[in-house]
Amino acid sequence: MKEKNQVREHWGGSLGFILAAAGSAIGLGNLWKFPYVTGQNGGGAFILVYLLAVLVIGFPVMVCEISIGRSAQSDAISAFQKLSTGKSGVTHMLGLFLMLGACGLFCFGKYGLAGIFFLVALVIFRFGWATVGILSVVTPFFILSFYGTVGGWTIAYFFKGLFQQLNFTDAASAEQTFATFADSFGPAVFFQLLFMGITGSVIWFGIKNGIELASKFLMPLLLVFILILIMRSVTLPGASAGISYLLTPDFSQITPHSFLAALGQAFFSLSLGMGAIITYGSYLDSEKNILSSSLMIIVADTFFALLAGLAIFPAVMAMGMEPSAGAGLAFQVMPLTFNSIGDHLGWLWSAIFFFLIFIAALTSAISIAEGCVTCLIDHFRFRRKNAVFWTILLASLFGVFCSISVFNWNRLPALQKALVWAFGASDNSLFDLMDHFSSNYLLPLGGLGISLFVGWQWGMRHALTELRKGGSEVTDINFFALLAGLKDDPLSKGTHSLTLSLILGILIRFISPISVILVFLYNIGWLSLK
Ligand code: TRP
């Protein structure tokens, strides 16, 4: 499987990179999760908090990931190895700390967690900061397992729409249709494998001819589709309630919980915390402007989340349904809504809607898998085709277990018993477990590692050198001069002015790690603010 050193493939252009990274960010997190999380957290006011989280945490971590990747020009594992300078005191301390934690957990009978702590401590002792990079070969399998399952549902529902099998007109049969489909595992597994196969076949063709080409074609298509859906949605009778629900912030709904929920959502939606963006950044060449690319990716992702809200809430309200309906919102409520229009074209709208989610999920799944594929190629010297084959095969196998146990454990009782023995409590199903474990544990930890690494190990000096390549006119702008429209005024430049790079440094070193720690503590239940 050895391959000779080759010239590293790069994105054809800035636009290709931005579209691919935006394609990674825009996915089920925007079109399926964002509307229902917003619905459960009170609408407009939550959106404001979300925007703050994106700006204060999402933006700096995105910049860190792209800078690490581009500077190292390699997969995530090698990137951390290349960029860390000899000092390993901190990582040894952390390893020791985890070892002690493992002993404590073992004494309390938490064998599973103790095992994990022990293993992580060993990995940290051995690999130091590269442990953060190792997440990019571990996390994809957890995320892809449930992501592929939902991706499969979108294909299945696309066909169901086309073949007029979504013609139900009441909530009970919508629910029934979904439950029957997801629980009868034959078709669900078939479509999950199909989704993974399509994902694999795009990555097979590499960066420029695979991912970039697909993104350039699919992302504009996505925009067109969602605009059509919004037009349909906002012209339904009664839709204006949904629009005002989104645009009227009710601050009494803001609790510490919604603040933290917004942080978590920002993380997942922007594809941060597992090296996916490090990987995409490693295919970027040095004339490209990292700061402005990051900004565009983030704006595009947020824009799509808001568009998804605008497509879904007016429809939900017009149907007299609850915006807080939860994860079933997309698969049950939308076909029902389309059928209620009464123009006998419900099947077509449903088909369009699920095709749209499928495209978004595909370009995201590609990026999740590519993190692992690039590691196998760069670090373990696989050929691309072999790397893709093994990654997709393994992730699909994990995914099969997820799709046969979506609602409950009854097809995997032995696994459930083992998990209960090791960890005590367990989720409703393997599907839920994978979702929670990756979103609540792995991503925040990865994000924390990334911002600490850039802020305190690699150092802002190096990061800034990387940012200035292709972007010096942006990094050194006086922030207030920029706001005032005076960025080109010679007198507004000065050595003591508040430049964008200074703000970024403070965000990276303090604000984002502290916020991520808060999210993490909240997610594992050690912090509760009521
Ligand atoms: N951001 C994608 C979404 O919103 C999911 C995703 C793609 C992702 N790549 C990722 C999440 C890497 C975390 C890490 O659906």
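Order of appearance sets the numbers: ligands from 1, and atoms from 1 within every ligand.
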Report, one line per pair, each donor and acceptor closer than 3.5 Å where one atom sits in a side chain of residues 48-61; sequence neighbours left out.
none

(request) Quick one: closest heavy-atom pair of Ala130 and Ile77, and the distance? (result)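 Heavy-atom minimum between the residues: CB-O, 4.0 Å.
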
(message) Using a strict threshold of under 4.0 Å (side-chain N to carboxylate O), is an ion pair present between Arg70 and Asp285?
(response)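 Looking at Arg70 together with Asp285, the answer is no, because their closest N to O distance does not fall below 4.0 Å.
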
(request) Mind checking salt bridge (Lys or Arg N to Asp or Glu O under 4.0 Å) for Glu370 and listing every partner two or more places apart, or none if nothing turns up? (result)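 By the salt bridge (Lys or Arg N to Asp or Glu O under 4.0 Å) rule, Glu370 matches Arg384.
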
(message) Would you say CZ of Phe437 has more than 12 non-hydrogen atoms from neighbouring residues, nucleotides or ligands within 6.0 angstrom?
(response)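 Enclosed: over 12 neighbouring heavy atoms sit under 6.0 Å from CZ of Phe437.
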
(request) For ligand 1, list the protein residues that place a heavy atom within a distance below 4.0 Å of one of its atoms, sorted by chain and number. (result)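 Around ligand 1, where the cutoff is 4.0 Å for heavy atoms, the contacting residues are Ser24, Ala25, Gly27, Leu28, Gly29, Asn30, Ile143, Tyr147, Phe268, Ser269, Ser271, Met274, Ala276, Ser364, Ser367, Ile368, Leu443.
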
(request) Return the set of residues passing side-chain contact (heavy atoms from CB on, under 4.5 Å) with Glu9 (not counting sequence neighbours), or none when no residue passes. (result)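 With sequence neighbours excluded, Glu9 shows a side-chain contact (heavy atoms from CB on, under 4.5 Å) to Ile207, Lys208, given in chain and number order.
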
